[in-house]
Number of protein chains: 2
Amino acid sequence: MREASLCRGADLALLETLRVGERILSPGMDLAFQGVNCANIYVVLDGWVCLYELMEDGRRQILQFALPGDVVGFRGDGEPLTYSAQSLTAVAACVIPWGRFLKAAHRNPELALRLSGLMARDGAMAYVHLTSVGRRTALERVAYLLLELFYRARTRFPVTRGDSIALPLTQSHIGDALGLTPVHTNRMLRELREAGIIELSQRTLRVINPDRLASAAGFEQDAGLPWLRPV
Amino acid sequence: MREASLCRGADLALLETLRVGERILSPGMDLAFQGVNCANIYVVLDGWVCLYELMEDGRRQILQFALPGDVVGFRGDGEPLTYSAQSLTAVAACVIPWGRFLKAAHRNPELALRLSGLMARDGAMAYVHLTSVGRRTALERVAYLLLELFYRARTRFPVTRGDSIALPLTQSHIGDALGLTPVHTNRMLRELREAGIIELSQRTLRVINPDRLASAAGFEQDAGLPWLRPV
DNA sequence: CGAAGAGTTGATCCAAGTCAAACGTTGTGG
DNA sequence: CCACAACGTTTGACTTGGATCAACTCTTCG
């Protein structure tokens, strides 16, 4: 398990010298908050974290779901974070003080390059989501997100059953990630369920037919899912 | 002018050793194409570039407008780009072969860290756009984008007149960046125009009242615009 | 001058939002 | 262990913001 991208292989030993500890969070706790200057980088080791932005009037946009191996809280400059992060499940995260990382990166350029790559990958995922929200229909968005989470979760968590994953999201979470209301999200899920493409209940997603889910997501045949790479 | 973030100050001399030349593009030319493995990083020196993603059926999502100082084409791994880039105006871009950059970054960790920071900033901007497209109304989105471009262009280009910038975008570009149709984009622009907040014609944007534009964009008083920082 | 592209406007439609009411599930405390 | 509360899901009826369709006009620009 736990094949975190910053924590794996040769980096692992190095990382051990950087971390000041592990933070354990119960579900629904804040890891970082928007507007606050975050002194640490967190590497998710276990569990689900969601990154989101809150508007003054309460509208919420979920920006990303961070899974084991993903980095949260890096901002390269002294600027405060523009987003918040909170745990959706019990979460274990590795805590790396920014200053300490900086020093290590000076000694070991590979580390900084690794971080660049992770940042670029996060950016690419954000772009993919932007396209989804901007240009896909509600049904396509839901299908696309489920497909993404299905594959990502399977590469990051121990697989219990081939066609199923634990999906610790409410329908509101899904809607907030896709720019939809919970009500409409529910209807789109029903459509996928009634088409026999997925099963979703008790926080478990079963993808009965990945191909049909992909085609519901609006692409002919896997034109390369960027997030399929295990990192 | 030309205060490119990777090209400025101490880095400038270093960069000169990395670049293999400058590419000059006329408007409407491709810098990079999605699906293609891009061997170079480009640093925009002058002009406007837009990054976009194209769906099989022709739907387009504009992901970002790159201005002088912005980096295009970096992907930290061997993966092909997920987006395309094309020039909106005449563009000058500095060409840096990826391999060469990699070697230099190994010698100079500061360079790799700088890149991490730029990547993180791009990601943060993508997140901000995601929130716009996912959670703002059409009018708010248009107002928000114009405000962003107004401030960014002013920090990146010589200011000709305090309240105006050259905005080389069609209304379709604006719509494609915001997940709107050209027709509806036009109506929202009319609304802002008729409210006396902006003037927009002949590729020139004049912001008559920045405060009202900000409030049309849907935030009380500047809760910190992430892209205001000159980098 | 003519053609192609970009902007403008009106009429109509529909995907998604809103409102409202049940119903299920979980968890907690008496 | 049950009851109730809080939260999440589901469904129906109705509304609406933005899309679509279809002219028509205004700019470029060759």
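Naming convention: chains lettered A, B, ... in sequence-line order (proteins, then strands); numbering from 1 in each chain. The figures that follow rest on heavy atoms only: side chains count, while hydrogens, waters and symmetry mates do not.
- At least one side-chain nitrogen or oxygen of R203(B) sits closer than 4.0 Å to the OP1 or OP2 atom of dG7(C).
- The side chain of V183(B) lies closest to dT20(D), out of dG17(C), dT20(D), dA16(C).
- Classified by interplanar angle (parallel below 30°, tilted 30° to 60°, perpendicular above 60°), the ring pair Y83(B)/Y127(A) is perpendicular.
- Contact check, N186(A) against dT9(D): no side-chain N or O comes under 4.0 Å of OP1 or OP2.
- Within 4.0 Å (heavy atoms only), T170(A) reaches sugar-phosphate atoms of the nucleic acid but no base atom.
- G179(B) comes within 4.0 angstrom of the backbone, heavy atoms only, and of no base.
- In this model, no donor atom of one side chain and acceptor atom of the other lie less than 3.5 Å apart for T185(B) and Q171(B).
- A side-chain donor from one of H173(A) and T170(A) sits under 3.5 Å from a side-chain acceptor of the other.
- Proximity of Q202(A) to the phosphate of dG8(D): no side-chain N or O atom is located under 4.0 Å from OP1 or OP2.
- The cationic group of R152(B) does not satisfy the cation-pi geometry with F65(B), failing either the under 6.0 Å distance to the six-membered ring centre or the 45° limit from the ring axis.
- Among the protein residues, T137(B) comes within range of the sugar-phosphate backbone only, with heavy atoms under 4.0 Å from sugar or phosphate atoms but none that close to a base.
- A donor and an acceptor atom never sit less than 3.5 Å apart when one is taken from the side chain of R187(B) and the other from the base of dG7(C).
- Residue Q171(B) places at least one side-chain N or O under 4.0 Å from the OP1 or OP2 atom of dT8(C).
- Within the nucleic acid shown, L180(B) comes within 4.0 Å of sugar-phosphate atoms alone, with no base atom in reach, counting heavy atoms only.
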